[in-house]
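Letters go in sequence order (proteins before strands), and every chain restarts at 1.
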Amino acid sequence: MGHKLVLIDGNSIAYRAFFALPLLNNDKGVYTNAVYGFTTMLLKILEEEKPDHVLVAFDAGKTTFRHATFTEYKGGRQKTPPELSEQFPLIRQLLDAFGIKRYELPNYEADDIIGTLSGQAHDEKWKVTVITGDKDMLQLVTDDVTVALTKKGITDIDRFDPALIEERYSLTPQQIIDMKGLMGDASDNIPGVPGVGEKTAIKLIKQFGSLEAVLEHIQDVSGAKLKEKLTENREQALMSKQLATIECQAPLELSLQDTSYSGYDGERLFPFFKELGFHSLIERLGGEAVAEVKVEQEALSFEEVEDITEDVLASPAALIVETMPETYHGAETLGIAIVNETGNYYISRDLAFSSALFKEWIENEDKEKFVFDGKRVYVALQQAGLSLHGVSFDVMIASYLLNPSESSDELASIAIRHHLSPPDHEDAVYGKGAKRKAPDVQALMEHTVRKAKAIYALQAPLLKGLKENEQYDLFASLELPLSLVLAKMETLGVKIDLERLRQMGKELTATLITLEADIHALAGVAFNINSPKQLGEVLFEKLGLPVQKKTKTGYSTSVDVLEKLENKHEIIEKILLYRQLGKLSSTYIEGLLKVVHPESKKIHTRFNQALTQTGRLSSTEPNLQNIPIRLELGRKIREAFIPSKEGWKILAADYSQIELRVLAHISQDENLMEAFKKEMDVHTKTAMDVFHVEQEEVTSQMRRHAKAVNFGIVYGISDYGLSQSLNITRKEASDFIHQYLQTFPGVEEYMKRIVSEAKHQGYVSTLLHRRRYLPEITSRNFNLRSFAERTAMNTPIQGTAADIIKKAMVEMDEALQREGMQAKMLLQVHDELIFEVPEEEVKKLQEVVQRVMEQALALDVPLKVDMNSGNTWYDAK
DNA sequence: GACGCCACGC
DNA sequence: GACGTACGTGGCGTCA
């Protein structure tokens, strides 16, 4: 009885799967879209073909014997996105879990392995199916060998037998290579004969039979130009054919019998699926709930330190100062772990904090420490009276800079991505939600030491990555010092006027109660106004107002919907006010009061330095980067933010139009640069140029539209987004953007250049080499691709602005020390810095702030800073 | 406890 | 034509 063999081109299918699916990741932040696509494809093939032998072939390394023929073979190819390359080890593990043989051979491509095996199988009269996305493989087709080519997706395939090849190309399978010799292949950088495409190639091969025959009978080819091309590129054509020819005699170290496959074992496969988060697949394949699997961890040995010796404090060392995983302000240290070349150590908190040697080591700049989230360590130690110095590496920040799209907030995820023995996830050690609590001592020791080991192991590869990316300077001179500046700001905190806040709360509550009664009366029914569901029922069913927009779950009741109903019913106005006041009361009054430190009456936010895709900071518990300002009523909240000392002031300094200035610099657009060099109002200038009017003729409507377009440019919004913000049609918005780009040709040029750059190298960069990878920029899905394109345009602008203010912050911290000033930096709000300062120092601070912020980075247009001071944050306007 | 809706800032 | 569209954080309601 005949055997059935399936041969899979691993690299080709992995690529297809990666680009066909959105970037999924599992709960550990590991990307899984290619693995997932590969799995579904595999399951489908196994189901349809029911093979008794299966092999997946991979390319090994970068160079092959083909490079000896032609060094530029496969040249000009885009680097594999890191989001994909990190999935290859997972795909190998997947195949092992399936019990499917995989193979790669140095110096050969997957094609050659497949060609060789399919030849052997053919000789044995086996039936063979080859699965690939590569048309070159069609040359392998015989009566017994079918080549299945993936079409658009990954599970959609075309099966080629000799008849189908004849139908599609009017050629035999062997003649496919002759065709390639003539037409070349851009994706593999095979030159072929310039000017000869698929049509001409097929015509010639049909007429003469083979490439060699064509070249022998060039005189009989019709067309003078074509004759000339063929004569000139004779050798190149022969070489191209050779490159495209699959080697069917590769020296494989496995036999057909080694590829036998007898079905998968759920016991082995499902735990792996579970780890990847493929729950739907387990269900589909009828797997029962599987026990939680842990990632493979190495055995651990460490010393519980009783005497702190020189060995324990040998440097460089990885240092963990463990606190509970959430806020570190006021958190107690649970224990300390150190890993260095002499060993792995756990030190109890009491021993460490009472040791003079330990203090000396922590505070010594020359003793190098590697950490994870140094800001957290700095704050924790400071609360124990220790001042951390000598941090030379922060794994969290390094990982974030290398690829901000990969989660960097857990050591476990980073270790897994680097195939190192990982520590447990924080939630696994501490429990989630209500169950959160410190683990027992043994578990704590193991966890902290494992984390220190992971840091120690990660330092070298991450450092290497930073250097390869030319990001070491960004890391060492900007982000690392910034983490300590942020630590100081967070620790210092912002003083809050509790009485003021409580008073505002009281007034709001009173108004809300009245409003609520009014709304219920107008509706004729009591209901929860905060419930979109109930509100929707009242407005659109009971009162019969026209539905504007639906959400997944029902009627939309968002602001823009309500505003369109405003003249239809007097209840709307009251609901809008209720919403506005409710937001102020719950988020800003109640929310802030909840996090005020009871003794110091201060708020200590935490800045997340390793989160946003653009390089900006974010702020949590509480978020002090979204305190109201736009509406006067909300802005009053800022009156509660006051200096911490009597006679001090709040000073706010913000960059004027920093993103558009950055855009002017990057794009070198003459028009835009001129606007800033002449210190014009940039929105007015935009309106003048777009609408072709003089300054005096710019109406407020024109300026508003121009401002919205500028906003769109800075934030990378689409024509749809612009149409929403201006309440115009999508077509009008699209025309508008078009008009803008005509007016600023340098900007249009930049937009094209940066998108092309992103397509070629797979990422975009800021002026200070911050990176953002955009794998979806080559997606065939229009939405994903468009989004990636807008991101490519926007990230260098917003990211460079983030670089600039971060640099200003580091330099401000140095300047305040150098000048011996008392003023303190309190907050950063993306393009703005907030200080507190003794009244007599205000003038000096203004000089320093202006100089430092405006000189932070030299652009081809000036940077401009606006400053104001007052008794509260509100007054610093 | 997870998720959706809504709203605040840049 | 593509049906979802800057980045964040947080509060509330709903549903399990």
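- For A/L593 and C/dG11, the CG to P distance is 12 Å, given to the nearest whole Å.
- Between C/dT5 and B/dC10, the two P atoms lie 23 Å apart (nearest whole Å).
- Summarising the geometry, the separation between CG on A/N794 and C1' on C/dG8 is reported as 13 Å, rounded to the nearest angstrom.
- Across C/dA2 and B/dC8, the matching C1' atoms stand 33 Å from one another, rounded to whole Å.
- Contact check, A/N623 against C/dG8: no side-chain N or O comes under 4.0 Å of OP1 or OP2.
- When rounded to the nearest whole Å, the span between CZ of A/F787 and P of C/dC3 equals 16 Å.
- Projected onto DNA chain C by closest heavy-atom contact, A/T620 and A/T614 fall at different nucleotides, the more 5' of which corresponds to A/T614.
- One finds no side-chain N or O of A/Q625 lying less than 4.0 angstrom from the OP1 or OP2 phosphate oxygen of C/dC7.
- A/L584 comes within 4.0 angstrom of no nucleic acid atom, judged by non-hydrogen atoms across all strands.
- Stacking of the aromatic ring of A/Y715 onto the base of C/dA6 is not found under the criterion of centres within 5.5 Å and planes under 30°.
- The side chain of A/S586 lies closest to C/dC12 when the candidates are C/dC12, C/dG13, C/dC15.
- At a threshold of 4.0 angstrom between heavy atoms, the contacts of A/E621 are confined to the sugar-phosphate backbone, with no base atom among them.
- Shown here, C/dG4 forms no base pair; nothing in the strands shown gives a Watson-Crick or G-U wobble contact with both key distances under 3.5 Å.
- Taking atom NZ of residue A/K552 and atom C1' of nucleotide C/dG13, one finds them 16 Å apart after rounding to whole Å.
- When the nearest nucleotides of DNA chain C are assigned to A/T791 and A/S786 by heavy-atom distance, the more 5′-ward of the two goes with A/S786.
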Original post:
How is the base pairing of DNA chain B summarised as a dot-bracket string, given the Watson-Crick and G-U wobble criteria with both distances under 3.5 Å, [ ] for crossing and | for another strand?
Top reply: |||||||||.
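- Contacts between chain A and DNA chain B, taken as any atom within less than 4.0 angstrom of a protein heavy atom, begin and end at B/dG1 to B/dC10.
- Among the atoms of the strands shown, none is found under 4.0 Å from any heavy atom of A/Q724.
- Comment: A/K877 does not engage A/D875 in a salt bridge, judged by the lack of any side-chain N to carboxylate O separation of less than 4.0 angstrom.
- OP1 or OP2 of C/dA6 sits under 4.0 Å from a side-chain N or O of A/R790.
- Checked against A/L663 for a side chain to side chain contact (heavy atoms under 4.5 Å, CB included), the options A/N710, A/T800, A/I658, A/I797 give a single hit: A/I797.
- Between B/dC6 and C/dC3, the distance separating the two P atoms is 22 Å to the nearest Å.
- A/V714 comes within 4.0 angstrom of nothing in the nucleic acid, heavy atoms only.
- Taking atom CD of A/E326 as the reference point, atom C1' of C/dT9 lies 17 Å away to the nearest angstrom.
- Comparing the P positions of B/dC3 and C/dA6 gives a spacing of 22 Å, expressed to the nearest Å.
- No contact: A/N608 has no heavy atom under 4.0 Å from any strand.
- A/R635 comes within 4.0 angstrom of nothing in the nucleic acid, heavy atoms only.
- Remark: of the listed residues A/L859, A/T766, A/D831, A/L767, A/L859 is the sole one forming a side chain to side chain contact (heavy atoms under 4.5 Å, CB included) with A/I804.
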**OP:** Using the salt bridge (charged side-chain N to carboxylate O under 4.0 Å, His left out) rule, take A/R376 and A/D373 through it: C-alpha gap first, then chi angles, then the decisive distance, then the call.
**Re:** CA-CA 6 Å; A/R376 173 179 283 273; A/D373 191 358; 3.6 Å; yes
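- Annotation: B/dG4 and C/dG4 have their P atoms spaced 13 Å apart (nearest Å).
- With ring centers used as reference points, A/Y740 lies under 6.0 Å from A/F744.
- Nucleic acid contact class of A/Q613 (heavy atoms, under 4.0 Å, all strands): sugar-phosphate only.
- Atom P of nucleotide C/dA2 and atom CD of A/E789 are separated by 17 Å, given to the nearest angstrom.
- A donor-acceptor contact closer than 3.5 angstrom is absent between the side chains of A/E406 and A/S399.
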